[in-house]
Peer 1: 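The structure is given below, and queries will be raised subsequently.
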There are 2 protein chains.
Amino acid sequence: MMVKPMTKLRPRPRRLTLNDVAKASGFSPSTVSIVLNDAPLSQNVAATTKLKIREIAEHLGYRPDVFARSLRSRKTQTIGVLVIDLTDPYCTLILQGIERRLMQSSYLPIIMDAHNEPLQVERYVDMMLERRVEGLVTVANWLLFDVSLLENISDHRLPTVVVGRDLESPTINSVIVDNEAGGYAAMEHLYELGHRDIAFVCGPRQLIDGRLRWKGIRTFAQKAKLRLNRALIQSLPYVSYAASSFDASHKLTNEYLESGEPFTALLAFDDICAYGAIRALFEAGLRVPDDCSVVGFDDIPTSSLISPGLTTIRQPMLEMGEYAADCILKSLNSSDDERDGFFGQSKIMPAELLVRGSTAKRRTIQTP
Amino acid sequence: MMVKPMTKLRPRPRRLTLNDVAKASGFSPSTVSIVLNDAPLSQNVAATTKLKIREIAEHLGYRPDVFARSLRSRKTQTIGVLVIDLTDPYCTLILQGIERRLMQSSYLPIIMDAHNEPLQVERYVDMMLERRVEGLVTVANWLLFDVSLLENISDHRLPTVVVGRDLESPTINSVIVDNEAGGYAAMEHLYELGHRDIAFVCGPRQLIDGRLRWKGIRTFAQKAKLRLNRALIQSLPYVSYAASSFDASHKLTNEYLESGEPFTALLAFDDICAYGAIRALFEAGLRVPDDCSVVGFDDIPTSSLISPGLTTIRQPMLEMGEYAADCILKSLNSSDDERDGFFGQSKIMPAELLVRGSTAKRRTIQTP
DNA sequence: AGTCAACGGGAAATCGATTGAATCCTCTTT
DNA sequence: AAAGAGGATTCAATCGATTTCCCGTTGACT
């Protein structure tokens, strides 16, 4: 056999394969595979053998081929993470929570971004299945996507969690914040500051989140015997593009201002809406919080950076992400029977009032 | 042969394989594969055959197995996208640009998030190589990661682009904004508004971006024969965690205020720093822009949502992302020789001044 | 009639692992 | 001494495609 001279021409150093390790160690590929994977059979492999194989593999720098492995074993060690909108800070933080947990496990997240488009959601779910993810986490914002997700997935007996939206499905887990308690807390906060005339920028009627928050608000109002002014309660139209809620809220607040109905505080559906309201107040020459207190919902990162800081109801997004990942991991580590126990549960995380600069006591001397 | 009764026990409907299509169509697997892939050889396949095969494949709903395909063909149709920090809105928008382009191609982005940790960068680059991505885009913020990236990658002759950081590498492409022109434009804007006493929150000295922006600023100052006040020019310390630049800038601005040196405008290294400065001004009871104009850099999404809107230098992040993706795609579509032509170039995108509410004419009546 | 190229298509090797069944030892047990 | 019981490894099939050769027809041309 001629040994080819080492030249630049040799294009591929030919991947280091399991076979190479086998030959180098003197054992068969089977044994090497078994050892390197700590497969069940490896308990019958002599300790010295294991050591030697591991050593040689390490020394050679062997890395199994992901594709070959997945093809044969039908396991991919990947978890699909479908994010409805990666530019939405709400989604982003949840995603970070998910990753945090997954990084500690041996699973790799495959992240896809649906760009707020329902069609992409479907397409990407498909792609993830095609890539044989072993679990699926969907990070939802308020986009209403088709829940045919559900069918597709449960067909494949895939552990599935949705974060940020409560699906009433028997097979899909969900993690959401306690919207009702959040609404209640926000309202209570304003009430305690002395506000009685409060305007509301409610979420689109289509969103369950908004309805729940509203329910919390009403509960408090009833308890406090506070009558709400119907003229200051409007819902945003449902729009599929996130940033537009700023504009919608801005416009709505302007309408409130023009209506002449007095109010000293405003409670917004979420932080972005709060920004929109603040803009309207700002343009009208009103000061936050001096002339009008504003409360948001979510606590996206910038809310603590703007001035004044936005008082808001915090969703524990990181924790929600972590919980979701835990859910999947737990499910993957259990037997099929146990697994059924997990399905369809929905976890409710606590909402927390964060008081910052955008709310203040109602001024006793009120401009008429 | 007994035919097993159809029961719930049958766990897997057994994937539909190429072979099934072959049998159903009466042709061999080879032919089917060739036709379905539009492989070069398919030009010698009769049109009727193609039609029939395609029809049957479609009808059966055949989807090739990603893993088998990649194993054999050594192609994965994936592009690695390494994002330094997915919670950084700067990165996010670039990412979106990348995705936009990639969605139109047949390549799938594999997104990984390094969480601002240099170690993860290395680990993830490794993982991407292991997954045989055919190209790699790195979305950098200001994190200083080891450029051993470079070695690893160029070894593998992988088209590589870095967005947001100018690497001086002969093999890696980069896409950056025109920092110098941006600095110049920001300065010019303030000057034209009548500001002469300007404070600067400069970026960490380690970052080339900051140095370039500063260069632009000086160039304008010299041209306008404007003397800058050294006491109002400080750099932020280098920190590896993004949000902390808010605090650093906040602190620095406070020092400026306490120093007693007068200034009517402040130019910040980036938008987050601008937020920090605004907070300090706000706390000191100063109004933006009435008492002090503020200019940022980047134009992250919230900068248009806060009140007043932040005047800033826009980086065309979406376009930068798109350009990066185009770069990779072009490289993948060219022969090896052509490809070499692309390597090592760095593209400079235009910076754009965006005037919003945070800057205003210097007031003629100045508080002493 | 014979040669040759183009056309249409198929057989089988291959990619790099995993895995169920089989084999070969070495002791024990009866 | 034969049978059995494990322990330690290995054989060979398999996962589902792609790809490299190769084979048989035609038809044109010499």
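Proteins get letters first, then strands, A, B, ... in listed order; numbering begins at 1 in each.
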Peer 1: Just checking B:D65: base, sugar-phosphate only, or nothing, at a heavy-atom cut-off of under 4.0 Å?
Peer 2: sugar-phosphate
Peer 1: Side chains of A:M103 and B:H115: closer than 4.5 Å at any heavy-atom pair?
Peer 2: yes
Peer 1: Atom NZ of B:K50 and atom P of C:dG9: how far apart are they, to the nearest Å?
Peer 2: 10 Å
Peer 1: Quick one: which of C:dT18, D:dC21, C:dA21 gets closest to the side chain of A:R72?
Peer 2: C:dT18
Peer 1: Counting any heavy atom closer than 4.0 Å, what does B:T17 reach on the DNA or RNA strands: base, sugar-phosphate only, or nothing?
Peer 2: sugar-phosphate
Peer 1: Less than 4.5 Å apart, side chain to side chain, heavy atoms only: is that true for A:I328 and A:Y107?
Peer 2: no
Peer 1: Check whether more than 12 heavy atoms from other residues, nucleotides or ligands sit under 6.0 Å from atom CG of B:L60, and answer yes or no.
Peer 2: yes
Peer 1: Using a cut-off of 4.0 Å on non-hydrogen atoms, how would the nucleic acid contact of B:F67 be classed: base, sugar-phosphate, or nothing?
Peer 2: nothing
Peer 1: Counting distance only, does the side-chain N/O of A:S346 pair as donor-acceptor with the main-chain N or O of A:N173 below 3.5 Å?
Peer 2: no
Peer 1: Select base, sugar-phosphate, or nothing to describe what A:S70 touches, counting heavy atoms under 4.0 Å on all strands.
Peer 2: nothing
Peer 1: Report the distance from atom NZ of B:K75 to atom P of C:dT14, rounded to the nearest whole Å.
Peer 2: 20 Å
Peer 1: I want to verify a distance call: between C:dG9, D:dC15, C:dC15, whose nearest atom is closest to the B:A46 side chain?
Peer 2: C:dG9
Peer 1: Starting at CD of B:E319, measure out to CD1 of B:I94 and round the result to the nearest 0.5 Å.
Peer 2: 10.5 Å
Peer 1: Determine whether A:V121 and A:I84 make a side-chain contact, defined as any pair of heavy atoms from C-beta on separated by less than 4.5 Å.
Peer 2: yes
Peer 1: Given atom NZ of A:K52 and atom C1' of D:dT9, what is their separation to the nearest angstrom?
Peer 2: 14 Å
Peer 1: Measure from CZ on A:R74 to C1' on C:dG16 and round the result to the nearest Å.
Peer 2: 16 Å
Peer 1: Would you tell me if any nitrogen or oxygen in the side chain of A:Y62 comes within less than 4.0 Å of OP1 or OP2 on C:dG16?
Peer 2: no
Peer 1: What's B:S73 touching, base or sugar-phosphate or nothing? Going by heavy atoms closer than 4.0 Å.
Peer 2: sugar-phosphate
Peer 1: With a 4.0 Å limit, can you tell me whether A:S30 has a side-chain N or O closer than that to the phosphate oxygens OP1/OP2 of D:dT9?
Peer 2: no
Peer 1: For A:T31, which contact category applies under a 4.0 Å heavy-atom criterion: base, sugar-phosphate, or nothing?
Peer 2: base
Peer 1: Among the candidates C:dG9, D:dT19, D:dA17, find the nucleotide nearest to the side-chain atoms of B:R15.
Peer 2: D:dA17
Peer 1: Of B:R132 and B:Q43, whose nearest nucleotide on DNA chain C comes first from the 5' end?
Peer 2: B:Q43
Peer 1: May I ask you to verify whether the side chain of B:R69 and the base of D:dT18 hold a donor-acceptor pair under 3.5 Å?
Peer 2: no
Peer 1: Rounded to whole angstroms, how far apart are CZ on B:R63 and P on D:dC15?
Peer 2: 21 Å
Peer 1: Please check if atom CD in B:E58 has more than 12 non-hydrogen atoms from other residues, nucleotides or ligands closer than 6.0 Å.
Peer 2: no
Peer 1: Take the protein atom CG of B:L71 and the nucleotide atom P of C:dA13, then report the distance between them rounded to whole Å.
Peer 2: 17 Å
Peer 1: Answer yes or no: is there a side-chain heavy-atom contact under 4.5 Å between A:M112 and A:V83?
Peer 2: no
Peer 1: Could you pick out which residue, B:S28 or A:N19, lies toward the 5' side of DNA chain C when each is mapped onto its nearest nucleotide?
Peer 2: B:S28
Peer 1: Whole-Å distance between D:dT10 P and A:N44 CG?
Peer 2: 13 Å
Peer 1: At what angle, to 10 degrees, do the two end axes of the helix from C:dA1-D:dT30 to C:dT30-D:dA1 meet, given five pairs define each axis?
Peer 2: 70°
Peer 1: Rounded to the nearest angstrom, tell me the gap between atom CG in A:L51 and atom P in D:dA8.
Peer 2: 15 Å
